[in-house]
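Here the structure is laid out as structure tokens; the discussion comes afterwards.
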Amino acid sequence: VSPIPIADQILDVLKVFPKFLDGFWVTVTASALSLLFALAIGTVVGVLQSSSPRIGALCRIYVEFFQNTPLLVQAFLLFYGLPTVGVIWSSMTVGVVSLSLYTGAYVSEVVRTGIQAIPRGQKEAALSQGMTYLQTMRFVIVPQAMRIILPPLTNQCVNLVKNSALLAAIAGHDLLYVADDFSSQSFIILPTYGLVMLMYLALTLPLSRLVFWLEQRLAVGH
Amino acid sequence: MNRFMKGSMAAVLSIALFAVAGCGTTPETKPAAPSTGGAPQQNADGPKIAEIKKRGKLVAGVKNDVPLFGYLDPKDQQVKGFDVDVAKAIAKEIFGDENKIELKQVKSADRIPALQQGDVDVIIATMTINDERKKQIDFSQTYYLAGMGLTVKKGGGVTKIEDLAGKKVAAVKGANSGPNMERLAKEKNFQGMTVDLYPTYPEAIAAMKTGRAAAAATDNIIGAGFVAEDPNTIQLLDGLLTDEPYGVGIKKGTDDLLKLVNTVVENGVKNGEFKKLAQKWNVPWELK
């Protein structure tokens with residue numbers, strides 16, 4: 001038990017708040033970039049899964065591989081493994097690539113199940129009207145699937161922000177990294193991780209509110 | 001119950017007396033064996049050294065998990081290292097025989113209590129001399145000078161701390177080396193060095209080996225441990241960036257033992273014996 005009163009500990013943490021803010025922006029940057037890539041990967045893979053059997057199989061391999069191995073192992077492979085074959089990516093690059101591939105796999109499953117929820121007859125009707133596969137998706141299936149996709153997609157986005165804390169393990173200077181550094185030197189533990197938790201909430205709560213709002217808007221058009 | 005206690009106490013006492021008497025008559029005390037006359041307080045040895053001689057062995061607290069200083073060799077289950085050899089030098093001074101020694105493993109947090117409770121006579125366990133500890137125990141002169149050092153890739157172009165301007169240096173979370181490197185960068189006024197903190201030493205060293213960081217800043221003896229495993233690709237730079245003088249820890253109030261240990265340490269440092277030990281264990285020798 002630290003002999004320093006908890007109020008003084010909190011003051012000590014607040015004194016170095018700019019440090020935490022630096023880490024916060026690294027977390028925001030990594031999350032935003034990864035989210036962008038994960039959504040792109042997830043949409044493409046999710047849509048392609050129900051196209052031709054051969055492409056579908058390739059997509060399955062990707063999804064199964066990344067969904068069923070730990071994110072931290074994927075990141076360590078890129079961080080410590082790639083340099084042995086001469087490729088050195090920065091902590092940020094390793095973080096964004098692994099977060100995008102990992103979350104992309106989950107997003108693609110969300111997209112795939114969303115598409116499959118639309119009755120098959122609609123796809124057949126669109127194709128019979130001379131639409132290509134992609135046109136069918138773009139104009140008929142995806143707009144309807146969006147409503148089904150959004151709630152689970154929110155979960156994946158929030159998970160991505162939380163998973164970005166893996167940067168701390170690969171010297172990424174993110175929010176958790178700053179907290180680990182500060183608490184291990186000052187032995188101020190509770191207020192440090194308390195503050196960090198609030199800062200993560202400041203990211204994830206608005207994100208889920210935003211998607212909730214989008215959901216409502218889409219519901220109006222229904 | 002009470003009678004039983006009395007009886008067993010008497011038994012223990014008589015065994016102890018017998019053991020003490022037995023020790024006194026064995027011809028083990030080669031150098032100046034004075035305690036045959038039955039007046040042990042009156043000879044040249046102080047009370048603590050007399051106690052150790054009666055016991056027939058020196059009890060030394062050493063680490064068993066610090067490579068090159070005090071570690072358990074998995075091949076023969078023996079504790080070995082620089083610190084162990086210093087302990088043997090002290091045993092040799094007392095008994096004329098470096099093998100009259102019992103090694104007890106101690107963790108960093110146990111070192112001072114082990115001395116104070118009398119579990120060990122001396123502590124030789126990579127213990128830095130500082131004022132806080134001096135309040136609780138006595139220290140010998142410095143027998144080994146450790147400190148922060150930089151481990152770098154051979155031929156990687158980093159030969160001194162200033163070469164790290166604009167580069168990354170790997171350190172371990174919670175260790176002193178991260179803050180020390182940042183302080184030194186400020187003091188020596190070179191710009192753009194980033195400290196990257198890793199959860200463990202192997203990860204910090206791996207970051208340096210794979211080129212993510214230009215150097216790893218750790219205690220030099222920790223760096224030396226990694227260099228010993230891979231001497232062809234990495235090396236420890238000469239010179240210390242901070243000073244961590246190691247001393248032999250001794251219980252307060254045992255001045256006779258302190259004096260003897262200081263003689264061993266002073267001679268070992270002066271006549272180059274300890275430097276030879278450092279070479280034997282592949283640890284850097286910085287004590288001048």
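With respect to chain A, the highest number of heavy-atom pairs below 4.5 Å among Glu203(B), Lys209(B), Lys168(B) belongs to Glu203(B). Between chain A and the residues Gly178(B), Pro179(B), Ala213(B), Ala206(B), the largest count of heavy-atom pairs under 4.5 Å involves Pro179(B).
The minimum heavy-atom distance linking Ala169(A) with Pro199(B) is given by the pair O-CD, 3.9 Å. Here the closest heavy-atom approach between residue Arg212(B) and residue Pro83(A) is recorded as NH2-CG, 3.8 Å. Considering all non-hydrogen atoms of both residues, Ala207(B) and Tyr80(A) come closest at N-CE2, 4.5 Å. Scanning both residues, His173(A) and Val195(B), for their nearest heavy atoms gives CE1-O, 3.3 Å.
Atom CG of Asp238(B) sits in a sparse spot, with 12 or fewer heavy atoms from other residues, nucleotides or ligands closer than 6.0 Å. Heavy-atom neighbours of Glu286(B) CD from other residues, nucleotides or ligands within 6.0 Å: above the threshold of 12. More than 12 heavy atoms of other residues, nucleotides or ligands sit less than 6.0 Å from atom NZ of Lys252(B). Heavy atoms from other residues, nucleotides or ligands lying under 6.0 Å from CZ of Arg183(B) number more than 12. The number of heavy atoms from other shown groups lying within 6.0 Å of NZ (Lys75(B)) does not exceed 12. Atom CG of Leu205(A) has more than 12 heavy atoms from other residues, nucleotides or ligands within 6.0 Å. Applying the 6.0 Å contact sphere to NZ of Lys188(B) captures no more than 12 heavy atoms from other residues, nucleotides or ligands. Within 6.0 Å of CD on Glu132(B) lie no more than 12 heavy atoms contributed by other residues, nucleotides or ligands.
To the nearest 0.5 Å, atoms CG (Leu197(B)) and OH (Tyr177(A)) are separated by 3.5 Å.
Contacts of Ala170(B) with chain A are absent, with no heavy-atom separation under 4.5 Å from either backbone or side chain. The parts of Phe79(A) that come within reach of chain B are both its backbone and its side chain, each placing non-hydrogen atoms under 4.5 angstrom from that chain. Neither the backbone nor the side chain of Ser183(A) comes within less than 4.5 Å of any heavy atom in chain B.
Distance alone, capped at 3.5 Å, places no donor-acceptor pair between the Gln185(A) side chain and the Asn176(B) backbone.
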